[in-house]
Amino acid sequence: QVQLGESGGGLVQAGGSLRLSCAASGRTFSSYSMVWFRQAPGKEREFVASINWNGGTTDYADSVKGRFTISRDNAKNTVYLQMNSLKPEDTAVYYCAGSPSRDFSGSGPINYWGQGTQVTVSS
């Protein structure tokens, strides 16, 4: 079993930065693709970014390309989402998720979900 816990969310002004962390417990973390999703009020959950098992392949939603960077440290069982140049439309609850797919590439099965962390960007 894998358990995920997000942290690092908060309230920032437009143009600011946040770094989200997702700490995983479990012995199979390094074999999973890791994914970030977000859900804004009144909207469906949407894909944000993913990283494959060894960190060699990443994928991003068009809306965050050039601003967000996903990374992972398998030795620490942690995945990160560095968010720069934040916009009010980035406001959402951000969820960390684990996929058994070797390369998630924007879609695929999800086995584990974190509880979410709130990101609020003020204008």
Side-chain angles (χ1 to χ4, degrees):
Q1 294 289 330
V2 174
Q3 294 180 317
L4 307 175
E6 303 98 330
S7 63
L11 174 64
V12 298
Q13 291 184 310
S17 298
L18 284 173
R19 190 190 195 197
L20 306 184
S21 298
C22 176
S25 63
R27 302 167 71 179
T28 60
F29 173 81
S30 62
S31 68
Y32 272 69
S33 293
M34 299 301 296
V35 191
W36 288 97
F37 295 88
R38 67 187 182 187
Q39 187 169 23
K43 295 183 172 62
E44 297 294 323
R45 182 175 292 163
E46 64 178 350
F47 167 78
V48 177
S50 66
I51 187 166
N52 79 334
W53 70 276
N54 67 356
T57 302
T58 58
D59 191 38
Y60 298 92
D62 288 343
S63 59
V64 306
K65 285 181 180 177
R67 299 188 298 120
F68 290 11
T69 302
I70 188 171
S71 62
R72 70 190 296 164
D73 186 340
N74 287 351
K76 297 181 179 179
N77 284 357
T78 303
V79 62
Y80 306 96
L81 186 68
Q82 178 67 47
M83 305 184 295
N84 298 327
S85 301
L86 283 163
K87 304 174 181 179
E89 50 263 46
D90 295 318
T91 295
V93 176
Y94 283 70
Y95 296 91
C96 178
S99 173
S101 298
R102 297 177 69 178
D103 299 285
F104 189 81
S105 299
S107 64
I110 299 295
N111 281 3
Y112 303 101
W113 290 92
Q115 81 286 352
T117 186
Q118 177 71 49
V119 172
T120 303
V121 184
S122 62
S123 60

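Just so you know, these numbers use all the heavy atoms, side chains as well, and skip hydrogens, waters and symmetry mates.
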Query raised in the report: Which pair of heavy atoms, one from Cys96 and one from Leu4, lies closest together, and at what distance?
Result: O-CD1, 3.7 Å

Requested in this report: Decide if atom CD of Glu89 counts as having more than 12 heavy atoms of other residues, nucleotides or ligands within a radius under 6.0 Å.
Outcome: yes

Requested in this report: In sequence, state the C-alpha distance, the side-chain angles, and the governing distance for Thr120 and Val12, and then conclude on side-chain contact (heavy atoms from CB on, under 4.5 Å).
Outcome: CA-CA 6 Å; Thr120 303; Val12 298; over 6 Å; no

Requested in this report: Provide the closest heavy-atom pair for Gly116 versus Glu6 in the form atom of the first, atom of the second, distance.
Outcome: N-OE1, 2.9 Å

Report task. Look up atom CZ in Arg67 and atom CE in Met83, then write down how far apart they are to the nearest 0.5 Å. Result -> 9.5 Å

Query raised in the report: Is it the case that more than 12 heavy atoms not belonging to Arg45 sit under 6.0 Å from its CZ atom?
Result: yes

Report task. Starting at OG of Ser31, measure out to CG of Asn54 and round the result to the nearest 0.5 Å. Result -> 11.5 Å

Requested in this report: Report yes or no: is the cationic atom of Arg19 (NZ for Lys, CZ for Arg) under 6.0 Å from the centre of the six-membered ring of Tyr80, at an angle within 45° of the ring normal?
Outcome: yes

Query raised in the report: If you look at every heavy atom in Ser50 and Gly106, which pair is closest and at what distance?
Result: OG-N, 4.1 Å

**Report entry** Same apolar cluster: Ile70 and Phe68, side chain cutoff 4.5 Å
**Finding:** yes

Report task. Could you tell me the separation between the CD atom of Gln118 and the CZ atom of Arg38, rounded to the nearest 0.5 Å? Result -> 12.0 Å

Query raised in the report: Can you check whether Gly9's main-chain N or O pairs, donor with acceptor, with Thr117's side chain at less than 3.5 Å?
Result: yes

Requested in this report: Please check if the side chain of Asp103 supplies one atom and the backbone of Ser33 the other of a donor-acceptor pair under 3.5 Å.
Outcome: no

Query raised in the report: Short question: side chain of Ser21, backbone of Ser7 - any donor-acceptor pair under 3.5 Å?
Result: no

Report task. Among Ile, Leu, Val, Met, Phe, Trp and Tyr joined by side-chain contacts under 4.5 Å, find the other residues sharing a cluster with Phe37 and list them by chain and number. Result -> Val35, Phe47, Val93, Tyr95, Phe104, Ile110, Trp113

Query - Approximate separation, where rounding is to 0.5 Å, of Ile51 CD1 and Ser99 OG - result: 13.5 Å

Requested in this report: Would you kindly confirm whether Trp53 and Tyr32 end up in one hydrophobic cluster when ILVMFWY residues are joined by side chain heavy atoms under 4.5 Å apart?
Outcome: no

Query raised in the report: For the side chain of Arg72 and the backbone of Asn77, is there at least one donor-acceptor N/O pair under 3.5 Å apart?
Result: no

Query raised in the report: Do any N or O atoms from the side chain of Thr78 and from the backbone of Lys76 form a donor-acceptor pair under 3.5 angstrom?
Result: yes

Query raised in the report: Do Tyr60 and Val119 share a hydrophobic cluster (ILVMFWY, side-chain heavy atoms under 4.5 Å, transitive)?
Result: yes

Report task. Working to the nearest 0.5 Å, report the span between OG1 of Thr58 and NZ of Lys65. Result -> 9.5 Å

Requested in this report: Please list, chain by chain and in numerical order, all residues satisfying side chain to side chain donor-acceptor pair (under 3.5 Å) with Asn84, sequence neighbours excluded.
Outcome: Ser17, Gln82

Query - Check: Ser123 side chain, Pro88 main-chain N or O, donor-acceptor pair, under 3.5 Å - result: no

Query - From CG (Leu81) to CG (Leu20), nearest 0.5 Å - result: 5.0 Å

